[in-house]
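First up is the structure itself, then whatever we jot down about it.
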Amino acid sequence: MGVILKIEDLYVDFKTERGLVKAIDGVTLEVKEGEVLALIGETGCGKSTISKAIMRLLPKNATVRGKIIYKGKNLLELPESEMRKIRGKEIGMIFQDPLTSLNPVFTVSNQMEEMFKIHKLPTRKSIFEEIVNLLKIVRIPDAESRAKSYPFELSGGMRQRVMVAMMLSSNPSLLIADEPTTALDVTIQAQIMNLMLELKRNFNTTILLITHNPGVVAEIADRVAVMYAGQIVEVAPVKEVFDNPLHPYTRSLMRALPKGHKTERELENILGRVPNLLTPPPGCRFHPRCPFADERCTGGKPEIKEVEPGHFVACYKVGGTRNE
Amino acid sequence: MKKQLIIRKFFSLLLPIFVVSVFSFSLLHLIPGDPARYILGDFATPQQLAQLRHQLGLDRPLYVQYISWMVKLAHGDFGTSLVANVPVSELIKGRLSFTLKLTGTAWILAWIFGISFGIISATKKHSLIDYGITTLAVFFMSMPYFWLGLMLMLIFGVKLGILPISGPGTWKNLILPAFTLGLPQIAVIARLTRANMLDVLEKDYITTAKAKGLPDTLVIYKHALRNAMIPLITYMFLQIPWLFGGAVVTETVFAWPGMGSLLITAIFQRDYPVVQAIVLIIGTLTVIANFLADITYTIIDPRIRAMG
Amino acid sequence: MSSLIETKNLKKYFPVKSGLFGSRNLFVHAVDGVDLEIKKGETFGLAGESGCGKSTLGRLLLRLLEPTQGEIYFDGIDLLSMDKKQLRTLRRRMGIVFQDPKSSLNPRMTIYDILKRPLDIHKLVKDENEKRERIIDMLEAVGLTEEHLIRYPHELSGGQQQRVSIARAIITHPDFVLLDEPTSALDISVQAQILNLLVRLQLELGLTYLFISHDISVLQYISDRIGIMYLGKIVEIFNIKDFRRGEIYHPYTAYLLLSTPALHPEKRTSEQVVLHGEVPSPINPPSGCRFHLRCPFAGNECKKSEPELVEVKKNHYVACYHPEQTKEELRPLVKEKLKMYESVLP
Amino acid sequence: MVESNVNMKKVRSESTWYLTWLRFKRNKLALVGLGIIIVIVLIAIFAPVLAPYSPDEQHLKDRLQPPSSKYLFGTDEFGRDLFSRVLYGSRTALLVGIVVVAISATIGVTLGLISGYFGGWVDEIIMRTVDIVWSFPALILALAIVVILGPGLINAMIAIALVGWASYARVVRAETLSVKEELFVEAARSIGESDLRILVSYIFPNVLSSILVLITYNIPSAIITASSLSFLGLGAQPPSPDWGLTIATARRYLTLAPWYSIFPGLAIMLTVLGFNFVGDGLRDAVQPERVG
């Protein structure tokens, strides 16, 4: 499998009223062709910032350093006009809140039509028929009349299907799904996740899934990258992350899942709280909450290293130094 | 848009119009003491007083007076001016076109310049042009019409001598009053447009539009502007009665023979039928503007349209 | 165990307003005939998807909303017969914790003032120093410190705000606490802290919980009994042991569990068992069994009449005409899925 | 676990008001506006000390003199010192602002809170009235009320206040409706708070910031309307040094003595500008999510 997207040493800072927020701190990550890579982390860890950085949709107060290489091109160096041809056409994106991510004053078909016109997509029949066809692919019942609806006339699940259909129209190589099911009920969530797996199977779409929910990761991810406070701490195949997490943070997270019953076990408590990224801790950003931390962890940021085949960890306490 | 909704809204018109009519009607009766004596002064004879009372219908019960007043109104009879001794409707007819010319021009100026400046300001957020427009806007909003009018007069009439400074006449006479009335409104609309645009540009669906690869022009002029305009449409109508308010002062400053200057003259001459009529007209206009704002808002926003 | 809360045929309809003169006699059937019993000292879990009426039901139990019809008994007291003043006095014995920690706390009050109000209203402590001590004790009990007393809510993290909410709910030593999705807005690690805290407080103070959640995984951890709601009705009530064994009789319960994201990649939801369609509108609920439009087992009788909630085995209630079919066709899948809660810890 | 000094103890707790002030402070125009207001308040208080002449003192030899070192802003047709008169005029302007705000805010806030919190037919009646009063052109409504009450500054102020309450009622009602939906209000009921207490301690403090913003916008608009009434001859009466009234007279000498119109007008504009700048700053500071 080839690498479709490679993020190298990415830094993102936000200038805010209170100072510089060091949101992304040297992230390196590969997305392989045809896989579902899940980027998981808690609120404010920077996972959505990465997705917006890839699309170059960060607000103006952000400064970005590093490389984002998509099919050999560094997206961060492309002129805006070239970047526009990548957005929507090469890389599609769907968002958390299907309620607000569609324009309320235009019909579904009007909003989908734009994709065909802007990217000059080939149509076998009329654009409208292509749209109806796409809506059918994402299993929207009564597609003709739904195409003429306004977003508020659709349920949350239907809106998210519309978003998927819209991004599907250009058959993108990479789909970034930013918390696509967080706002949905579990039965609808299951439907949307199945839809995404179908896309992957039928169109060979690569999916970068951004989520805070380990359950969603377990459902559809092939590989997982775990983020904490702007750094990637562990990358591994999905089964490894659940059965053999090597980073102390990942392990605590897995032990915090509500498995078992209260009468059988207490859930894992990660002490303290997520650091303030205005003044992040030096070195490994997890060290203030880590039960294994020592002086080395405060000194310098641990490199991310392959400790087992396909299993990468950024921690001084595992892999090469495991014997300590 | 459902018919029932329009009908229901139409009925919601009647109540405020009733309130407005009662208010204008009672103008005469709320004056402390005897309105007839108030109008004629201390040296009026009892006969004169009785005659005026009869002429105004003051010798009948209030509700009868109100009903007969309304019946006359329905026939286009606004009563007779106490000073000019001609029907009020004729007096107003001569003045109305001047006021409409003035407010209409100001309204058009306000929207053309207001929206344009607002969009420029929003798209060039935090640039020099943006700061220029927003600061200037606050300045114009901080000037009373009468002083702004005088200053324009002073600059363009007296110092530069390129525009006539008062009275009716050619279209040139309209320029200064129209700008006096229009400039603060341009400022208000520019600020509203800017604020709405900035609000909308933060929305998720704008990010979606950008993520689809749409060029900025399409994102701004299609996706953002359409949404930003929705609250502004309401203002388009609400602003009309406010322009009539501003016209009162502007007309007085420029000796523009409209309804506003008529109102002021009538107040000083205690010509109550005229005052009543003008307050009633502007009140009704306010209610209608409110109604139209409501209806357009309902038509333009698909979400509300469907709720019906 | 005796019951702390009991309801009979509880209903709440919200009028749908539209336009100016807007009563068109349309109602949202938020809660539509619920008989429920919560026993002293237990944690009753209430599950369901958004709009099923679970939050409305919770608020009805505390009479924060006035029911359209039905009866509510709190520790034997007829709650609906109480006047405003009596009700306010009774509020000492009940607490509530909401989903959104930020919105639950008055942004203009310090934590000290927030916690002091319940004590003042119910005149529990007279002496100011004693009051302060009780508040500090309470803060420490929920894992905060004296240092937080002078803080404003926005200075705390979501998890800390939720701890303050919990402290406010239990500072009057109530009997009953309504937990309305208390961890849904929190990250997994914070959720774990809050769940541990709630379990500990219940043991120490002998509290009774109604824990409302859309997340079966959380409920299966914390509840002693679980009720499943669908479109304003409770469709199944069972104890956690039955659930553990996979003894589920209502198809909706089974599908809810099967749709729940797996907590382990080997227990992924199979595509065949995804529940199709969406929840119908509560303004015009379907006739007969409300689930019949989405139910694979629905027959004619399901369309015609609504099944009653009946006891299929001891302490296990189901409102379904086809409990045996669920048992035969879905139970193997359910049992397989349930293993995700048992996986060995890493 | 390694000790780290990342989460250092903050010394003071930050109330939402304090945060609002921090955000307000960053807005330079707002600070300029605040400066202007402070200067004008000081001028109004210390007018007798600052003014070189009494405002009514006539220098009949020096009629309609242009600005000079003797008469900073020149003189009027009675030879009165315009500089002194403009200084004294600030008193009328501020008085108008304070009186109008006191009356309209009291009426409007009370009605808005009641309307929003209790709803029902009370709400319906109040809001229908508000709709009409609010959209009626303020000056014309004030004119009509002055017709009833008779001309004069006090009556003008009452008239403006009777017009101005509607915007408070509108905003406070809308805010009350949204604050009422916040969970902390439900939480307050769940611990047994009474309706009155909820209104006073939970809703009002959270609506207060919007009221403050309204007040800072209401003062300048009241000043403008009052000066317009005075300009039309229906507000302050001679020999008051009111700015609007002064301009009404000055208008006759526009070509002859332009300074006579310019300075009182500048005084109005600066005062109004000051409040508008503060209003904008305050609005952005209390609703940080809407900063443009």
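Proteins get letters first, then strands, A, B, ... in listed order; numbering begins at 1 in each. Because the structure is predicted, anything quoted here is derived from the model rather than measured.
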Heavy-atom distance under 4.5 Å between the side chains of B:Glu251 and B:Arg95, does that happen here?
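No, every pair of side-chain atoms sits at 4.5 Å or beyond.
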Need one label for [X]: side chain, backbone, both or neither, based on atoms under 4.5 Å from any heavy atom in chain D.
{"X": "B:Tyr145", "answer": "neither"}
{"X": "B:Val158", "answer": "side chain"}
{"X": "B:Leu201", "answer": "neither"}
{"X": "B:Arg191", "answer": "side chain"}
{"X": "B:Met143", "answer": "both"}
{"X": "B:Ile264", "answer": "side chain"}
{"X": "B:Val20", "answer": "side chain"}

Given D:Phe231 and D:Leu245, is the side chain to side chain contact (heavy atoms under 4.5 Å, CB included) satisfied, shown in steps?
CA-CA 5 Å; D:Phe231 175 79; D:Leu245 180 65; over 6 Å; no
Taking side chain as everything from C-beta outward and backbone as N, CA, C, O, which of these in [X] sits under 4.5 Å from a heavy atom of chain B? Side chain, backbone, both or neither.
{"X": "D:Trp134", "value": "both"}
{"X": "D:Ile262", "value": "both"}
{"X": "D:Leu270", "value": "neither"}

Apply side chain to side chain contact (heavy atoms under 4.5 Å, CB included) to residues D:Thr246 and D:Leu82 and explain how you reach the verdict.
CA-CA 9 Å; D:Thr246 309; D:Leu82 273 175; 4.1 Å; yes
